[in-house]
Amino acid sequence: MDMQNVESYLDGLYAPDEALERIKRSIADRGMRDISVGDSYGRLLTMLARMIGATRALEIGAFGGYSGLCLLRGLTGEAKLVSLELKSELADLARGNLEQAGYGANVEYRIGPALDSLMQLKQEGQQFDLFFIDADKENYPNYLEAAIQLASSGALIIADNLMLRGRTLNPDKQGPAVLAMRRFNEMVAQDPRIDSTMLSSYDGLAIMRVK
Ligand code: DHB
Ligand code: MG
């Protein structure tokens, strides 16, 4: 058993998940580094969706469809996932993977800069119960503001990569992604419109509830 760290020990206790492993293989087959959300956080997405009875979820950043599948598994009723993805190749990959997993009819991809799609969704009057932010880090503060504006009352907003593999905590790092993530983390802790907590496993995860 791989016991190199706490996360891999805990992840290793679970039975293999065929659909999620197929997604990971599809990413490796394309020669891409796997930046899907951590296994435990994927399970957390499913659990949180179920716990709040979410029917409509919005993710920002599709990548291979791993988080999308985790979200869809937790949705109830007329389950709908809107997935915002900059790159059409990744949206195609994620769409194929979710179709294979049986959720093709429940997902809608919107391709292009997510801020444009978020403005469009707002103009359409759409609302969501659950959000997962996992795209370009420079825009995290903007994505949080948009999510709060698209949120139904009591909605959850989850965000990945708070620690940027250590760069968030390294005072020598002052690039745009790092500055944005520091600002984002402060917003998570201090914005009066939300309750929140932040988890430090993997690369850090924020969980917020819109009041
Ligand atoms: C990386 C990890 C992520 O989860 C992500 O969303 C983007 C990048 C990384 O390890 O570089
Ligand atoms: Mg991520």
Side-chain angles (χ1 to χ4, degrees), residues 2 4-8 10-11 17 20-21 23-28 30-49 57-74 81-91 93-94 97-98 109-115 117-118 130-144 146-147 156-170 172-185 187-188 196-208:
D2 180 3
Q4 63 185 351
N5 60 37
V6 171
E7 286 92 351
S8 56
L10 296 174
D11 290 342
D17 184 308
L20 291 176
E21 291 200 342
I23 292 176
K24 296 213 162 224
R25 276 200 303 277
S26 77
I27 292 163
R30 281 162 181 76
M32 297 188 293
R33 194 163 66 85
D34 186 9
I35 55 167
S36 304
V37 71
D39 291 359
S40 267
Y41 287 164
R43 281 187 283 274
L44 183 61
L45 292 176
T46 304
M47 289 184 68
L48 289 172
L58 174 68
E59 69 172 1
I60 307 176
F63 196 54
Y66 186 102
S67 56
L69 177 53
C70 293
L71 289 165
L72 279 163
R73 282 174 167 176
L81 171 70
V82 175
S83 181
L84 311 184
E85 174 52 56
L86 180 63
K87 298 178 178 167
S88 59
E89 312 89 76
L90 288 178
L93 175 63
N97 282 333
L98 291 196
Y109 288 92
R110 296 199 179 196
I111 295 155
L115 284 179
S117 299
L118 289 164
L130 181 55
F131 298 81
F132 183 50
I133 301 173
D134 194 16
D136 56 305
K137 311 312 172 195
E138 290 83 351
N139 273 310
Y140 265 39
N142 298 325
Y143 294 154
L144 178 53
L156 298 184
I157 304 172
I158 321 295
D160 193 29
N161 303 110
L162 309 184
M163 304 319 301
L164 295 175
R165 290 192 277 156
R167 285 182 292 148
T168 304
L169 274 180
N170 183 345
D172 297 334
K173 301 288 184 187
Q174 299 290 338
V178 174
L179 296 183
M181 193 60 80
R182 289 185 190 134
R183 190 153 68 84
F184 175 82
N185 291 340
M187 289 171 72
V188 172
S196 75
T197 190
M198 291 184 260
L199 309 181
S200 58
S201 300
Y202 302 97
D203 198 24
L205 191 86
I207 305 176
M208 296 158 262

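Computed from a prediction, not measured in an experiment: that's the story for all the values here. Whatever order the structure lists ligands and atoms in, that order sets their numbers, starting from 1. Positions are given from 1, in the same order as the sequence printed here.
- When each of R73, K24, R43 is paired with D17, the salt bridge (charged side-chain N to carboxylate O under 4.0 Å, His left out) condition holds for R73 and for no other.
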* How far apart are the C-alpha atoms of Y143 and D134, what are their side-chain angles, what is the distance that settles it, and do they pass the side-chain contact (heavy atoms from CB on, under 4.5 Å) test? -> CA-CA 10 Å; Y143 294 154; D134 194 16; over 6 Å; no
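- Listed as neighbours of ligand 1 are R33, I35, D134, K137, D160, N161, R165, each bearing a heavy atom under 4.0 Å from the ligand.
- No side-chain donor from either of Y202 and N5 sits under 3.5 Å from a side-chain acceptor of the other.
- Counting heavy atoms from C-beta outward, E59 and L81 have side chains that approach closer than 4.5 Å.
- Using a 4.5 Å cut-off on side-chain heavy atoms (C-beta onward), L162 and T168 make no contact.
- L44 is not listed as a side-chain neighbour of I158, based on a closest heavy-atom distance of 4.5 Å or more.
- Considering only heavy atoms from C-beta on, Y66 stays 4.5 Å or farther from D34 through its side chain.
- Y41 and D203 share no donor-acceptor pair across their side chains, judged by distance under 3.5 Å alone.
- Side-chain atoms of C70 and L20, non-hydrogen and from C-beta on, do get closer than 4.5 Å to each other.
- Within a radius of less than 2.8 Å around the Mg ion (ligand 2), the protein N, O or S atoms are D134 OD1, D160 OD2, N161 OD1.
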